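Being a predicted model, the structure only gives us computed values, none of them experimental.
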Amino acid sequence: MKYLDEFADPELAARLLDEIDATVTRPWALMEVCGGQTHTIVRNGIDQLLPDGVEMIHGPGCPVCVTPLETIDRALAIAAQPGMIFCSFGDMLRVPGSHEDLFTVKSRGADVRIVYSPLDAVRLARENPDREVVFFGVGFETTAPANAMAVKLAAQQRIGNFSMLVSHVLVPPAIRAILDSPACRVQGFLAAGHVCTVMGLTEYAPLVERYRVPIVATGFEPLDVLEGIRRVLVQLEGGRAELDNAYPRAVQPEGNPAARAVVAEVFQTCDRAWRGIGLIPQSGWRLSGDFAAYDAEERFDVAGIAPQESSLCRSGEVLQGLIKPYECSAFGRLCTPRAPLGAPMVSSEGACAAYYQFRRMGAVG
């Protein structure tokens with residue numbers, strides 16, 4: 001299949017669903033760890049088409065959603081400083097902090113700009129040498145190479161007025177934390193194809209071996225997701241737990257060596273708090289010592305900010321897969337995309353946003 005429409009072919013989808021139905025003999029609980037896959041599942045009703053007893057649990061696969069509240073509050077404090085140009089991708093501007101969001105700060109006169117690449121922020125710093133320019137570097141492993149390259153370029157060009165507020169999180173430690181939880185019901189995982197495209201598959205092998213759970217790397221179109229589900233279920237029904245690649249058109253076992261190299265040069269692993277989940281050891285990246293001068297958190301002394309999470313928001317339970325969005329009493333009532341209480345309602349990859357957009361306001365059946 002070469003063209004995008006073919007990955008949504010209804011006849012092929014029906015064939016895959018028939019194969020899944022013929023495979024399943026008992027209930028299974030699977031988790032996709034990618035907000036893009038969550039939206040594909042909900043938008044196309046894949047979870048409703050699966051055999052009874054096969055449940056898709058939506059994991060913490062939205063990097064915007066799991067960016068810790070204290071980091072959002074630090075971003076707001078930095079953006080509000082005089083003479084600042086604060087740059088971010090657009091999906092961060094509506095994410096609520098303790099009391100407001102970046103749009104609110106912008107409405108009061110702060111220079112908050114949407115950019116399409118971290119290199120845009122480096123260019124702004126070069127063009128505005130009398131102002132500080134900060135880029136909000138958020139994401140899983142997928143966005144890390146471009147962010148690392150921006151910092152490296154700023155260092156090479158000696159652009160001293162550029163810095164980055166880093167909030168990178170890593171998928172394999174999150175899977176480990178989920179599996180270590182006493183409340184875990186997940187029996188198999190769909191791994192995010194874009195993360196695996198960058199980092200490869202090797203980091204998932206220890207998880208498969210230790211926890212005896214199948215992990216299948218897959219893509220984001222309906223047939224990608226269905227094929228990933230089918231492969232996980234075949235393993236579970238056969239009593240096997242293996243690492244499998246259902247996305248070979250993009251994912252190589254070793255990942256992207258050039259991207260991995262620049263990430264290893266600029267970042268180092270660290271403990272990272274995940275919004276709604278808590279601290280996960282060695283689950284994030286921060287700037288390494290050679291590039292510490294470009295760390296906006298240190299440059300602007302905002303580390304001591306104490307956040308205040310909404311008492312009505314249950315997004316932490318949604319992100320852990322413990323509840324569906326509609327099980328939160330605020331969902332669709334006190335919490336909507338226009339007035340979100342938590343990040344999963346406003347992010348384009350958030351589970352709450354998917355359920356709201358596609359009118360999943362309660363359990364079916």
Side-chain angles (χ1 to χ4, degrees), residues 7 12-34 37-38 40-42 44-61 170-197 199-255 280 319-324 365:
F7 289 92
L12 293 177
R15 192 181 309 167
L16 280 169
L17 285 164
D18 287 342
E19 292 182 21
I20 290 170
D21 190 60
T23 299
V24 172
T25 63
R26 51 167 289 189
W28 299 106
L30 316 183
M31 175 178 280
E32 81 279 1
V33 193
C34 171
Q37 291 172 347
T38 298
T40 295
I41 289 168
V42 176
N44 295 282
I46 289 174
D47 53 333
Q48 297 174 330
L49 295 170
L50 293 173
D52 291 342
V54 176
E55 179 185 1
M56 296 306 302
I57 299 174
H58 313 310
L170 310 178
V171 172
I175 293 178
R176 183 181 299 111
I178 290 166
L179 290 168
D180 283 337
S181 170
C184 178
R185 298 187 295 112
V186 182
Q187 296 160 294
F189 288 88
L190 300 183
H194 50 7
V195 171
C196 297
T197 300
M199 299 302 295
L201 299 171
T202 56
E203 293 180 322
Y204 296 92
L207 298 172
V208 172
E209 182 176 354
R210 175 179 175 182
Y211 296 98
R212 301 302 302 163
V213 294
I215 299 179
V216 176
T218 192
F220 310 94
E221 298 304 317
L223 296 187
D224 287 324
V225 173
L226 283 170
E227 174 63 7
I229 291 170
R230 187 192 68 82
R231 293 194 188 195
V232 172
L233 291 171
V234 166
Q235 287 195 48
L236 290 171
E237 289 283 343
R240 296 183 289 113
E242 300 170 0
L243 178 60
D244 191 11
N245 182 10
Y247 199 37
R249 68 182 188 274
V251 174
Q252 300 299 316
E254 70 280 6
I280 301 178
L319 290 167
Q320 295 176 72
L322 300 177
I323 65 171
K324 296 291 192 288

Please round to the nearest 0.5 Å and tell me the distance separating atom [atom1] of [X] and atom [atom2] of [Y].
X      : Y      : atom1 : atom2 : result
Thr23  : Leu236 : OG1   : CG    : 11.0 Å
Cys184 : Ile178 : SG    : CD1   : 7.0 Å
Arg176 : Ile280 : CZ    : CD1   : 10.0 Å
Leu17  : Arg230 : CG    : CZ    : 11.5 Å

Partner set under side-chain contact (heavy atoms from CB on, under 4.5 Å) for Gln320, not counting sequence neighbours
Ile277, Leu322
Among residues at least two apart in sequence or on other chains, which ones pass side-chain contact (heavy atoms from CB on, under 4.5 Å) with Pro51?
Ile20, Asp21, Val24, Val54
Can you see which heavy atom on Asp224 is nearest to which on Gly219, and at what distance?
CB-C, 3.6 Å
Any side-chain heavy atom of Leu179 sitting closer than 4.5 Å to one from Phe189?
yes
So do the side chains of Met56 and Val42 get within less than 4.5 Å of each other, counting heavy atoms only?
no
Would Gln37 and Thr218 count as having a side-chain donor-acceptor pair, cut-off 3.5 Å?
no
Run the side-chain donor-acceptor check on residues 202-217: report pairs under 3.5 Å with partners two or more places apart or on a different chain.
| unit_1 | atom_1 | unit_2 | atom_2 | d |
| --- | --- | --- | --- | --- |
| Tyr211 | OH | Asp180 | OD1 | 2.7 |
| Tyr211 | OH | Asp180 | OD2 | 3.2 |

salt_bridge(Glu227, Arg231) N-O dist < 4.0 Å
yes
